[in-house]
Number of protein chains: 2
Amino acid sequence: MDDADDTSRRGLILRTAAKLFREHGYERTSVRQIAEALGMTSGSLFYHFATKEELLVTVMEEGVRDIMRGVQKGLAGESCLPERMLAMVRCHLTALLGPKLDAMTVMLYEWRSLSEPARARVLTSRDAYEELWMAPIDEAAALGLVDTDTLLVRQTALGALNWTGQWYRPDRRVGVELLAQRMFHLLFPRLAERLGSVLPQGIGLESVQTPA
Amino acid sequence: MDDADDTSRRGLILRTAAKLFREHGYERTSVRQIAEALGMTSGSLFYHFATKEELLVTVMEEGVRDIMRGVQKGLAGESCLPERMLAMVRCHLTALLGPKLDAMTVMLYEWRSLSEPARARVLTSRDAYEELWMAPIDEAAALGLVDTDTLLVRQTALGALNWTGQWYRPDRRVGVELLAQRMFHLLFPRLAERLGSVLPQGIGLESVQTPA
DNA sequence: GTCTATATGCGGATAGAC
DNA sequence: GTCTATCCGCATATAGAC
């Protein structure tokens with residue numbers, strides 16, 4: 001079941017918490033605020049989640065699960081290397097900037113608020129996701145289409161993609177789809193050349209702004 | 001005066017606070033912890049800084065000032081475009097991953113803890129720094145050496161560079177200097193081609209790891 | 001400048017009624 | 001499942017002695 005379709009009480013709580021955690025940060029969000037946003041009182045929240053941290057961990061684990069699913073699904077639809085890599089970029093950005101924005105952002109930026117054991121679990125899952133990127137990148141490196149330091153290639157690409165969460169604002173002319181194409185072009189130029197259609201370049205990204 | 005040489009009481013407090021803010025996050029660091037790390041009690045801290053937030057704001061403002069100075073200084077030493085861009089990448093990473101690591105990381109990741117007016121001030125300074133990147137990028141675009149969507153080029157490059165703070169660990173075989181060369185190569189391949197010396201590629205970045 | 005002592009409020013979490 | 005009421009600790013910040 002997809003989170004967006006999850007009408008259960010639990011799902012609603014998680015999405016509300018994720019939204020507040022993203023907007024104000026985990027530490028600055030009180031359980032009372034979360035409860036209030038849900039129209040309940042703080043005591044009721046603890047019927048569903050034993051601790052505030054359990055709420056955070058669950059948001060993050062579902063976030064990793066979602067992006068992993070999304071990218072795997074995107075990969076399943078493509079068989080050629082350039083298309084596969086573009087699909088990864090597109091699915092990563094769609095997860096990060098689309099309907100899952102809250103959970104994804106929390107996962108990327110709030111992991112330091114976790115206790116040691118929870119942090120280890122979440123980061124292990126995140127590592128597993130990032131590992132997905134190695135096969136296509138290694139393949140591209142073998143063909144001479146990206147640098148042979150494939151770990152650095154991955155860190156650079158994921159860094160640029162993840163950082164979009166800091167500046168990209170939705171409801172702009174430049175949608176996620178177009179952004180994905182352009183960043184793919186910038187990050188993997190030699191792969192992009194192999195794509196059939198020539199991508200339009202530099203129509204102007206007026207949408208880029210500093211975070212509010 | 002450079003922060004690292006600043007032996008004043010105030011400088012020491014700021015560096016101690018920056019270190020703790022980076023390690024544990026602003027909200028999870030109490031003024032008692034900062035005071036303890038300095039061998040004083042929490043009351044004494046408020047003789048030097050009126051509020052905890054003032055401490056945070058000062059750390060950040062000095063962080064922006066340092067990276068701006070560093071990059072400007074790096075630019076001053078080079079006159080040709082490819083060398084200038086490489087200098088920017090190197091100076092940015094040196095500020096972020098070197099001795100200023102604490103203040104820089106705090107500046108990049110803790111700005112959501114600021115009150116609205118303080119946030120506006122800090123982000124305005126950060127914007128001014130990022131604006132420094134536009135001239136070389138625009139120049140390169142005019143020569144056909146980077147994509148013409150120069151704002152996106154900047155966001156992509158700065159994103160990849162800033163994200164290194166999440167995974168790079170010092171005391172590794174791969175120093176900041178080498179990392180800068182390689183990332184320059186990845187982010188600005190056509191500019192890198194114009195550089196005299198051919199950069200070694202893919203010796204293997206065993207140093208890449210997940211954050212602790 | 002630094003200390004001790006303390007005001008004051010908000011945080012997460014619990015108990016027990018309904 | 002949700003409520004009310006409350007415990008208890010820790011947070012920032014202040015007051016005033018030294």
Side-chain angles (χ1 to χ4, degrees), chain A residues 1 6-61 106 109-119 121-122, chain B residues 6-61 106 109-119 122:
Chain A
M1 173 164 47
D6 187 355
T7 55
S8 72
R9 203 94 190 87
R10 178 186 170 86
L12 183 59
I13 292 172
L14 284 172
R15 270 175 287 127
T16 304
K19 178 170 186 287
L20 292 172
F21 287 162
R22 177 183 71 82
E23 285 174 357
H24 309 119
Y26 173 74
E27 316 281 348
R28 287 176 301 283
T29 304
S30 68
V31 295
R32 284 176 171 84
Q33 282 175 274
I34 301 171
E36 190 188 12
L38 287 160
M40 44 168 76
T41 58
S42 69
S44 309
L45 260 189
F46 289 96
Y47 171 81
H48 300 275
F49 294 88
T51 65
K52 187 188 174 189
E53 190 187 31
E54 190 180 304
L55 215 39
L56 177 61
V57 170
T58 310
V59 165
M60 290 187 171
E61 284 180 337
V106 168
Y109 291 101
E110 302 286 339
W111 55 267
R112 280 188 319 169
S113 294
L114 295 171
S115 64
E116 201 44 61
R119 182 185 305 195
R121 286 213 316 280
V122 170
Chain B
D6 187 354
T7 56
S8 72
R9 202 95 192 89
R10 178 187 169 86
L12 184 59
I13 293 171
L14 284 173
R15 271 175 287 127
T16 304
K19 178 171 186 289
L20 292 172
F21 288 163
R22 177 183 69 82
E23 286 174 358
H24 309 120
Y26 173 73
E27 315 283 349
R28 289 175 301 283
T29 304
S30 68
V31 294
R32 283 176 170 87
Q33 281 175 275
I34 301 171
E36 189 188 12
L38 286 160
M40 41 167 82
T41 56
S42 68
S44 308
L45 261 189
F46 289 96
Y47 171 80
H48 300 276
F49 294 88
T51 65
K52 187 189 175 188
E53 189 187 31
E54 190 181 305
L55 215 39
L56 177 61
V57 170
T58 310
V59 165
M60 290 187 170
E61 284 182 337
V106 168
Y109 292 101
E110 303 284 339
W111 55 267
R112 279 189 317 170
S113 294
L114 296 171
S115 63
E116 201 45 63
R119 181 184 307 195
V122 170

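Every chain is numbered from 1 and lettered A, B, ... according to where its sequence line falls, protein lines coming before strand lines.
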Choose from dA13(D), dG12(C), dG1(C) the nucleotide whose nearest atom is closest to any side-chain atom of His48(B). dG1(C)
Specify the separation, in whole Å, of atom CG of Leu55(B) and atom P of dA11(D). 15 Å
Does a side-chain N-to-carboxylate-O contact under 4.0 Å join Arg121(A) and Glu61(A)? yes
Checking the side chain of Lys52(A) only, and the main-chain atoms of Thr29(A) only, is there a donor and an acceptor separated by less than 3.5 Å? yes
Does Arg32(A) come within less than 4.0 Å of Glu36(A), counting only side-chain N to carboxylate O? no
Describe the nucleic acid contact of Arg9(A) in one word from base, sugar-phosphate, nothing, applying a heavy-atom distance below 4.0 Å. sugar-phosphate
Summary of ring-ring contact (aromatic ring centres under 6.0 Å, His included) pairs that have at least one residue in residues 17-41 of chain B, sequence neighbours excluded: Phe21(B)-Tyr26(B)
Report, one pair per line, the protein and nucleotides 3-5 of chain D atoms (nitrogen or oxygen only) whose separation is under 3.5 Å.
from: dC3(D); atom 1: OP2; to: Thr41(A); atom 2: N; distance (Å): 2.7
from: dC3(D); atom 1: OP2; to: Thr41(A); atom 2: OG1; distance (Å): 3.0
from: dC3(D); atom 1: OP2; to: Ser44(A); atom 2: OG; distance (Å): 2.7

Nearest whole angstrom, please: distance from the C1' of dG12(C) to the CD of Glu54(A). 14 Å
Check side-chain hydrogen bond (donor to acceptor under 3.5 Å, both in side chains) between Ser113(B) and all other residues, then give those that pass, not counting sequence neighbours. Arg28(A), Glu27(B)
dC10(D) C1' sits how many Å from Glu27(B) CD, rounded? 14 Å
Across all chains, not counting sequence neighbours, the side chain to side chain contact (heavy atoms under 4.5 Å, CB included) partners of Thr41(A) are Ser44(A)
In whole angstrom, what separates Leu45(A)'s CG from dG12(C)'s C1'? 11 Å
How far does OG1 of Thr16(A) sit from CD of Gln33(A), to the nearest 0.5 angstrom? 12.5 Å
What is the distance from CD of Gln33(B) to P of dC10(D), rounded to the nearest Å? 12 Å
Let's see if you get this right: which residues in residues 17-26 of chain A place a heavy atom under 4.0 Å from DNA chain C? none
Measure the shortest side-chain to side-chain distance between Met60(B) and Glu110(B) over non-hydrogen atoms and say whether it is less than 4.5 angstrom. yes
Given atom CZ of Phe49(A) and atom P of dT14(C), what is their separation to the nearest angstrom? 15 Å
How many whole angstroms separate atom CZ of Phe46(B) from atom C1' of dT8(C)? 14 Å
Tyr47(A) side-chain N/O to dG1(D) phosphate OP1/OP2 under 4.0 Å: yes
Hey, could you give me each pair passing ring-ring contact (aromatic ring centres under 6.0 Å, His included) that has a residue in residues 28-58 of chain A? Not counting sequence neighbours. none
Between P of dG12(C) and CD1 of Ile34(A), the distance in whole Å: 8 Å
